[in-house]
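If you're wondering where the values come from, they're calculated on a predicted model, not measured in any experiment. Chain identifiers are assigned alphabetically (A, B, ...) following the order of the sequence lines, protein sequences preceding nucleic acid strands; residue numbering begins at 1 within each chain.
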Amino acid sequence: MSALSVIEQRLLKWDKLASLVPKPKKPPFPIDRLNELLKVCANSSYLRTGESIHAHLIVTNQSSTAKDVYQTTSLINLYVKCRETVRARKVFDLMPERNVVSWCAMMKGYQNSGFDFEVLKLFKSMVFSGESRPNEFVATVVFKSCSSSGRIEEGKQFHGCFLKSGLMSHEFVRNTLVYMYSLCSGNGEAIRVLDDLPYCDLSVFSSALSGYLECGAFKEGAEVLRRMAKEDLVWDNITYLSCLRLCSNLRDLNLARQIHSRMVRFGFNSEVEACGAIINMYGKCGKVLYAQRVFDNTHAQNIVLNTTIMDAYFQDKSFEEALNLFSKMDTKEVPPNEYTFAISLNSIAELSLLKHGDLLHGLVLKSGYRNHVMVGNALVNMYAKSGSIEDARKAFSGMTFRDIVSWNTMICGFSHHGLGREALEAFDRMMIAGEIPNRITFIGVLQACSHVGFVEQGLYYFNQLMKKFDVQPDLQHYTCIVGLLSKAGMFKDAEDFMRTAPIEWDVVAWRALLNACYVRRNFRLGKKVAEYAIYKYPNDSGVYVLLSNIHAKSREWEGVAEVRSLMNKRGVKKEPGVSWIGIRNQTHVFLAEENQHPEITLIYAKIKEVLSKIRPLGYSPDVAGVFHDVDEEQREDNLSYHSEKLAVAYGLMKTPENSPLYVTKNVRICDDCHSAIKLISKISKRYIVIRDSNRFHHFRDGQCSCCDYW
DNA sequence: TACAATCAGA
């Protein structure tokens with residue numbers, strides 16, 4: 001045998017031998033590594049990978065047996081984090097044995113999907129089953145669920161229960177407890193809890209503050225801030241941001257400046273978020289110029305800062321300035337987003353610039369923001385306030401998503417346009433859509449009823465539906481009812497209502513009543529009411545003007561003169577009337593006694609011409625009678641100076657025949673102009689829309705949509 | 001565990 005074959009034979013033998021030796025099994029993937037993997041999958045929402053691990057565990061028979069509670073809990077955690085609550089629950093239910101972490105993971109799952117009730121149910125069954133005792137993690141989850149579902153009574157019971165088991169000493173438990181009380185219990189209970197604590201750290205103050213901020217209890221928030229400031233604590237930037245938010249909401253400039261200076265002292269004013277918050281705060285406190293200064297000193301530029309400063313101008317009612325900022329924005333560097341569009345559209349709405357609104361609408365479509373609720377709402381608002389309720393309706397029905405604001409905007413839009421029926425229909429459709437009405441919804445419908453004289457419906461909404469939806473009527477609602485009753489001529493009821501309503505009336509309510517006296521020609525009551533209102537609110541020019549109008553309508557010229565001299569004596573100035581009209585992207589503004597406009601002579605001539613045409617139709621220029629002390633010729637001249645007539649005349653001159661005119665006026669339209677414009681709409685065959693300070697008038701063919709009932 | 005920005009109204 002050759003040497004070679006000997007080796008071959010040996011090799012062969014070994015080979016056989018090797019085949020007899022059992023192959024070593026691949027070692028199982030170490031369990032702790034699997035759990036780590038599951039954790040990674042959970043935290044990154046890798047559902048597919050997590051599922052494969054789950055499958056692997058089932059196949060290799062490493063799962064679902066009693067042994068590994070820890071591992072199954074990781075699976076629950078995986079499904080919970082991937083928002084697969086039902087599957088998590090299946091795994092949970094199959095566990096023969098659970099520990100407190102399993103319970104807690106499942107509870108968190110429900111919490112994250114918004115099923116707070118399930119959280120509490122699970123907690124109770126955990127306690128009853130006696131399987132495990134709650135720990136501090138469970139306690140925080142429970143308190144948080146009570147907070148977000150408003151279950152304060154149950155929360156109090158749990159508080160007692162955790163107190164007994166000694167869990168309240170944990171920092172996080174305390175924080176969530178305080179948060180719960182501040183968010184859900186209006187009567188300063190959180191502050192009492194704070195006072196009972198032996199020692200408060202920053203986080204517990206912070207929790208109380210954010211709860212109060214969130215539920216809008218700013219007074220209590222300020223109280224917390226006061227206590228916090230007394231302690232010797234180092235604030236972090238979350239604290240500062242909360243404080244800034246508090247100031248914004250309280251509109252407390254004094255506090256605002258203190259916080260700002262503290263931020264400067266401790267160097268917290270350099271980050272872009274902080275700057276944004278400061279700008280916003282000054283804007284909300286009515287100090288645009290401060291806001292502008294902070295903005296100018298902020299070197300970082302982004303869309304939020306730009307939008308915030310725009311909003312500051314919007315809050316200041318400087319709508320033109322807000323729009324200027326928009327057009328000055330370098331849209332390449334800082335492209336506008338939904339907030340920017342919303343503020344711009346709202347500015348346009350306040351100015352009634354229909355043409356600009358259309359333009360911006362186009363921009364919205366191009367930039368792909370059309371499906372944002374915020375933008376949709378702003379579009380509806382813009383069209384409604386710019387006079388085109390039809391376009392508002394279109395924008396509304398084109399919305400993919402709607403919220404309560406969308407519905408309210410539409411309802412209030414209908415109301416402003418005197419479309420009571422449509423407003424109530426929108427309300428019904430809103431109920432069908434499952435939206436819950438709030439106080440503003442009811443202001444909208446009550447106002448709608450008031451505009452068209454639906455007394456019964458109005459009272460039904462006020463007395464029945466508001467209760468049903470648990471909306472507490474406030475001054476604004478009560479004032480709507482005063483308007484509703486008195487404008488319908490039911491002065492006795494209005495009087496009784498005002499006498500018995502459990503509310504402190506303000507000048508607006510009295511003006512509403514007074515206005516109704518004027519419209520309904522109840523001059524006797526009107527004078528009485530005006531006397532009282534002037535006594536009570538000696539600086540409110542509105543009541544003087546109304547009284548003067550009443551005197552004029554009842555042709556008591558000396559009364560008119562008296563009011564005028566009283567106003568002079570007290571230095572009360574009436575708001576000058578301003579009207580404007582948009583023509584080819586240009587806005588033309590007219591003042592009551594306008595003489596600035598370059599084409600003013602032509603405008604006067606146009607007015608003369610138009611008035612001479614409508615006089616044969618029954619127009620007589622002394623309806624308002626305000627200018628009783630001048631001769632006929634002069635009187636017509638004076639009336640023709642009214643800003644809305646100037647605007648309409650200019651519109652007639654500058655726009656093609658048949659095109660509609662949209663005019664906006666800052667104060668209530670006067671009687672004389674109202675009747676003149678009715679006739680102008682007839683002879684010119686124009687559709688004329690006038691927005692005055694409280695509603696829209698649509699003039700067409702000699703009629704006005706308000707039916708002379710405004 | 002995240003908090004710099006719209007909004008409807010007598």
Side-chain angles (χ1 to χ4, degrees), chain A residues 108 111-112 140 144 172 175-176 179 203 206-207 209-211 213-214 236-246 248 271-281 283-284 291 294-295 298 300 302-312 314-315 322 336-347 349 369 372-382 384-385 403-413 415-416 437-448 450-451 474-484 505-513 515 542 693-695:
Chain A
K108 270 195 181 149
Q111 185 160 66
N112 292 341
T140 53
K144 216 175 151 201
F172 278 87
N175 291 351
T176 42
Y179 178 78
S203 66
S206 231
S207 304
L209 203 50
S210 43
L213 275 172
E214 199 149 313
D236 59 10
N237 60 337
I238 291 174
T239 323
Y240 283 110
L241 292 181
S242 302
C243 291
L244 294 178
R245 246 176 80 190
L246 187 70
S248 308
E271 280 185 29
V272 83
E273 290 88 350
C275 295
I278 296 169
I279 295 169
N280 178 43
M281 173 184 76
K284 292 280 164 25
V294 177
F295 180 78
T298 308
N302 67 24
I303 188 62
V304 179
L305 285 176
N306 277 276
T307 319
T308 309
I309 188 73
M310 273 177 73
D311 181 52
F314 181 84
Q315 301 290 331
N337 64 14
E338 67 271 38
Y339 288 88
T340 329
F341 279 122
I343 296 173
S344 308
L345 286 166
N346 289 326
S347 304
Y369 279 105
H372 284 70
V373 183
M374 203 184 281
V375 178
N377 293 348
L379 278 170
V380 175
N381 185 44
M382 182 277 291
K385 289 232 177 92
D403 61 8
I404 181 67
V405 179
S406 327
W407 289 98
N408 287 352
T409 310
M410 198 65 246
I411 290 172
C412 294
S415 159
H416 286 144
N438 64 13
R439 44 182 297 278
I440 293 170
T441 321
F442 283 106
I443 292 172
V445 286
L446 292 178
Q447 196 57 19
S450 166
H451 279 323
D474 60 25
L475 183 59
Q476 293 187 32
H477 299 100
Y478 282 104
T479 306
C480 288
I481 298 295
V482 172
L484 177 78
W505 296 105
D506 70 352
V507 66
V508 185
W510 292 107
R511 279 204 303 243
L513 182 62
N515 184 41
S693 54
N694 57 326
R695 62 167 293 163

Ring pair (Phe, Tyr, Trp, His ring centres under 6.0 Å) against A:Phe295, all qualifying residues, sequence neighbours excluded: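 Scan of A:Phe295 (ring pair (Phe, Tyr, Trp, His ring centres under 6.0 Å), adjacent residues dropped) gives none.
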By ring pair (Phe, Tyr, Trp, His ring centres under 6.0 Å) - contacts of A:Tyr179 (at least two apart):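 With sequence neighbours excluded, A:Tyr179 shows a ring pair (Phe, Tyr, Trp, His ring centres under 6.0 Å) to no residue whatsoever.
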Where chain A begins and ends its contact with DNA chain B, read 5' to 3' at 4.0 Å from heavy atoms: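 It runs B:dT1 to B:dA10.
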Need one value for [X]: base, sugar-phosphate or nothing, where a base atom within 4.0 Å counts as base even if backbone is also close, heavy atoms only.
X: A:Arg439; value: base
X: A:Lys144; value: nothing
X: A:Asp403; value: nothing
X: A:Phe172; value: base
X: A:Leu241; value: sugar-phosphate
X: A:Thr409; value: sugar-phosphate
X: A:Phe314; value: sugar-phosphate
X: A:Gln447; value: sugar-phosphate
X: A:Gln111; value: nothing
X: A:Val272; value: base
X: A:Lys108; value: nothing
X: A:His416; value: sugar-phosphate
X: A:Asp506; value: base
X: A:Asn306; value: nothing

Atom pair CD1 (A:Ile343) and CE (A:Met374), whose distance is rounded to the nearest 0.5 Å: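 Those atoms lie 9.0 Å apart.
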Considering all heavy atoms, the nearest A:Ser206-A:Thr239 contact: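 Heavy atoms only, the tightest pair is OG-OG1, 4.5 Å.
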Closest non-hydrogen atom pair, A:Ala277 against A:Leu244: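 For A:Ala277 versus A:Leu244, the nearest heavy atoms are CB-CD1, 3.3 Å.
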Check: A:Thr409/A:Asn377 side-chain N/O donor and acceptor closer than 3.5 Å: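 No, because no side-chain N or O of A:Thr409 sits under 3.5 Å from a partner of the opposite role on A:Asn377.
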Donor + acceptor pair across side chains of A:Thr441, A:Asn438 (<3.5 Å):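 Checked: A:Thr441/A:Asn438 side chains pair up, N/O donor to acceptor below 3.5 Å.
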